[in-house]
Amino acid sequence: MNYEEARKKMSDIGQEHVFRFFDELSDAQKRSLIQQIAETDFSVLRRINHGAGDGRGVFAPLDAMQRSEIEARERELHDIGVKTIKEGKTAALLLAGGMGTRLGSDDPKGMYDIGLTKPVYIFERIISNLLDVVRETDTWIRLFIMTSEKNHDKTAAFLKEHDYFGYREDRIVFFRQDMAPACDFNGRLYMEAKDRISTSPNGNAGWYSSMCRAGLDKILDDEGIEWIDIFAVDNVLQRICDPCFVGATVLAGVSVGAKVVRKAAPDEKVGVMCLEDGRPSIVEYYELSDEMMNAKDKNGEPAYNYGVILNYLFRTSELAGVADDKMPLHVVRKKIPYIDESGTLIKPAEPNGFKFEQLVLDMIHQLSSCLPYEVIREKEFAPIKNPTGIDSVESARELLKKNGVEL
Ligand code: UTP
């Protein structure tokens with residue numbers, strides 16, 4: 001794309017202001033901005049006045065495998081899981097491309113130190129949990145780590161500096177997720193530098209297409225990886241590739257297993273697993289009608305009772321059928337750093353615009369079957385989203401201590 005074409009592309013969508021500082025730029029910077037314009041899909045900007053989806057389908061309950069069944073079948077599930085892992089059929093994928101804006105640190109979230117008497121980094125906790133399974137199964141599980149262009153260098157350098165917290169370097173593969181443009185509440189693009197339009201990672205559903213673009217689906221094929229456990233960076237208690245979960249998902253013969261926690265109350269504000277038009281899906285708390293909230297399953301328990309915790313075990317052979325363009329685009333209010341009229345970088349304290357994301361939970365709906373697998377909230381769910389309050393460093397510390405983790 002040349003300068004005239006870039007200019008036309010931007011003026012056609014009313015965003016010519018991205019050239020405001022063009023005359024001040026060096027030749028290399030000019031080329032870089034033109035290249036960014038050529039590579040970026042700006043069609044997302046048209047979505048700021050639309051909802052995420054095109055209306056919802058017909059909801060029905062989806063039974064979860066509950067703790068009572070898991071405990072009764074523990075040996076059987078565990079043995080199948082261990083066998084699957086030992087055969088090298090299971091990989092793990094850490095979603096670490098997010099910006100962690102609510103936590104408010106400039107570093108990648110995984111670098112956050114949650115220790116009290118000694119450093120305990122979020123990455124360290126996550127890797128330590130995976131190492132438990134490595135030791136138990138005597139198998140170095142392939143670990144993929146998704147970063148973004150915003151945090152890749154810091155993440156990779158930090159993990160290397162800490163010797164990957166004991167993980168084998170040759171079993172880790174990094175890749176970067178794709179980016180989407182970010183704009184103010186009126187749809188006007190922000191600039192993050194004089195030669196760069198503001199961008200944000202395009203959401204955690206980007207993992208599969210970004211992985212394929214990096215050519216890493218070949219590793220899945222070459223190594224015969226049949227299952228991949230996708231998990232968030234910020235739940236410091238979660239078990240990753242734990243044998244019972246793997247075994248239960250394999251035995252159920254489903255497309256995906258999803259770790260879920262029992263709702264604390266019928267009106268708790270969490271999305272819950274269900275069927276939508278016969279396919280697995282997640283119904284948001286504000287979409288639950290009174291009738292659904294009061295519906296009971298065969299044991300007399302609430303029929304819509306299990307919230308997802310962003311830990312899914314996908315059957316890899318079904319991923320090729322998941323299409324990005326069939327997933328809703330979520331328009332999210334975020335704090336977006338930008339340069340002002342004078343070129344000074346501003347880091348807003350409050351959300352100042354929209355970014356565009358596709359979410360991993362929307363991948364579920366494109367698959368034919370799902371096993372919701374119950375885990376105990378106090379033992380496996382300690383997300384760190386905020387510095388204090390709900391889902392925070394403070395609440396996670398309390399839960400870690402209750403689970404015997406020294407901080
Ligand atoms: P969150 O939804 O909590 O988003 O991500 P975030 O960007 O980390 O944090 P906030 O909202 O700005 O405070 C849940 C998980 O998905 C990953 C995150 O790294 C985290 O593990 N994620 C999120 C990505 O990998 N890419 C994205 O584009 C968004």
Side-chain angles (χ1 to χ4, degrees), residues 44 52 92-112 121-123 125-127 129-130 143-152 154-156 158-159 174-182 198-211 213-214 228-238 240 258-259 270-271 282 284 307-312 324 327-337 347-364 381-393 395-396:
V44 291
L93 192 154
L94 167 60
L95 299 171
M99 300 288 284
T101 48
R102 284 170 285 174
L103 192 56
S105 161
D106 281 342
D107 287 332
K109 209 186 237 187
M111 287 172 62
Y112 202 89
Y121 301 103
I122 292 181
F123 279 138
R125 285 289 340 134
I126 297 276
I127 291 180
N129 291 349
L130 183 58
L143 171 61
F144 295 95
I145 302 181
M146 181 170 84
T147 58
S148 81
E149 68 174 41
K150 303 271 183 200
N151 68 11
H152 177 83
K154 274 190 178 175
T155 301
F158 178 81
L159 286 171
F174 290 93
F175 65 98
R176 295 169 211 219
Q177 72 173 100
D178 298 330
M179 307 295 284
S198 295
T199 56
S200 291
N202 65 348
N204 52 28
W207 70 268
Y208 184 61
S209 47
S210 300
M211 191 175 181
R213 254 189 292 287
I228 185 160
D229 191 348
I230 308 301
F231 60 100
V233 71
D234 48 28
N235 176 6
V236 285
L237 269 184
Q238 69 192 314
I240 302 143
K259 288 202 176 182
V270 291
I282 281 116
E284 294 297 343
V308 283
I309 63 167
L310 222 180
N311 189 316
Y312 301 100
D324 284 1
M327 280 189 270
L329 188 67
H330 297 261
V331 182
V332 208
R333 299 169 83 89
K334 291 270 172 163
K335 296 178 218 166
I336 301 161
K347 290 188 177 177
E350 295 301 324
N352 61 331
F354 295 122
K355 62 185 242 187
F356 302 88
E357 293 189 334
Q358 287 185 316
L359 302 182
V360 77
L361 57 84
D362 291 316
M363 293 176 77
I364 307 295
F381 192 41
I384 298 179
K385 303 287 183 194
N386 308 296
T388 55
I390 295 170
D391 294 344
S392 67
V393 178
S395 59

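No hydrogens, no waters, no symmetry mates; every other heavy atom, side chains included, goes into these values. For ligands, and for the atoms within them, numbers begin at 1 and follow the listed sequence.
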*Would you check whether K334 reaches within less than 4.0 Å of ligand 1, judged by its heavy atoms?*
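Flag set, K334 near ligand 1.
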*What class does the angle between the rings of F158 and Y121 fall in, given that below 30° is parallel, 30 to 60° is tilted and above 60° is perpendicular?*
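Correct class here is perpendicular.
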*I230 vs N311, side chain to side chain contact (heavy atoms under 4.5 Å, CB included): CA-CA, chis, key distance, verdict*: CA-CA 6 Å; I230 308 301; N311 189 316; over 6 Å; no
Atoms of ligand 1, numbered as shown, that sit under 4.0 Å from any heavy atom of [X]:
{"X": "K385", "result": "1 (P), 3 (O), 14 (C)"}
{"X": "M146", "result": "25 (O)"}
{"X": "G97", "result": "19 (O), 24 (C), 25 (O), 26 (N)"}
{"X": "V233", "result": "19 (O), 21 (O)"}

*Hey, which of L103, D107, V236 is the one that makes side chain to side chain contact (heavy atoms under 4.5 Å, CB included) with Y112?*
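Single side chain to side chain contact (heavy atoms under 4.5 Å, CB included) partner of Y112 among L103, D107, V236: L103.
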*Would you say the side-chain atoms of N129 and Q238 include a donor-acceptor pair closer than 3.5 Å?*
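There is no such pair between these side chains.
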Compare [options] and give the one whose heavy atom is closest to [atom].
{"atom": "atom 15 (C) of ligand 1", "options": "L310, I122, T147", "answer": "L310"}
{"atom": "atom 24 (C) of ligand 1", "options": "G98, P108, P201", "answer": "G98"}
{"atom": "atom 2 (O) of ligand 1", "options": "R102, E357, Q358", "answer": "R102"}

Among protein heavy atoms, which sits nearest to [atom], and what does the distance come to when rounded to 0.1 Å?
{"atom": "atom 21 (O) of ligand 1", "value": "L95 O, 2.6 Å"}
{"atom": "atom 8 (O) of ligand 1", "value": "G100 N, 3.5 Å"}
{"atom": "atom 7 (O) of ligand 1", "value": "M99 N, 3.0 Å"}
{"atom": "atom 16 (O) of ligand 1", "value": "N204 ND2, 3.1 Å"}
{"atom": "atom 12 (O) of ligand 1", "value": "T101 OG1, 2.5 Å"}
{"atom": "atom 28 (O) of ligand 1", "value": "G203 N, 2.8 Å"}
{"atom": "atom 26 (N) of ligand 1", "value": "Q177 OE1, 2.6 Å"}

*Given side chain to side chain contact (heavy atoms under 4.5 Å, CB included), test F354 with K334 step by step and report yes or no.*
CA-CA 6 Å; F354 295 122; K334 291 270 172 163; over 6 Å; no
_Would A232 count as a polar contact of ligand 1, with the cut-off being nitrogen or oxygen pairs under 3.5 Å?_
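No, A232 has no N/O under 3.5 Å of an N/O on ligand 1.
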*Examine L103 against ligand 1 and note whether any of their N/O atoms are separated by less than 3.5 Å.*
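No: no nitrogen or oxygen of L103 is under 3.5 Å from one in ligand 1.
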*List the steps, then state whether side chain to side chain contact (heavy atoms under 4.5 Å, CB included) holds for L361 with Y312.*
CA-CA 9 Å; L361 57 84; Y312 301 100; 3.7 Å; yes
*Using a 4.0 Å heavy-atom cut-off, say whether L94 meets ligand 1 through its side chain, its backbone, both or neither.*
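Within the 4.0 Å criterion, L94 makes no contact with ligand 1.
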*Does ligand 1 have a heavy atom under 4.0 Å from the side chain of A96, from its backbone, from both, or from neither?*
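The part of A96 near ligand 1 is the backbone, not the side chain.
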*Does K347 come within less than 4.0 Å of D106, counting only side-chain N to carboxylate O?*
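A salt bridge links K347 with D106.
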*Between the side chain of S210 and the main-chain N/O of D178, is any donor-acceptor distance below 3.5 Å?*
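Yes.
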*Where is the tightest heavy-atom contact between A205 and M327, given as atom of each residue plus distance?*
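Result for this residue pair: CB-SD, 3.9 Å.
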*Do L310 and F231 come within less than 4.5 Å of each other through their side chains, counting heavy atoms only?*
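Result no, sub-4.5 Å side-chain heavy-atom pair not found.
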*State yes or no: are the ring centers of F174 and F144 separated by less than 6.0 Å?*
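For F174 and F144, the ring centres are not under 6.0 Å apart.
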*Apply side chain to side chain contact (heavy atoms under 4.5 Å, CB included) to the pair I127 and L159, showing each step before the final yes or no.*
CA-CA 10 Å; I127 291 180; L159 286 171; 4.1 Å; yes
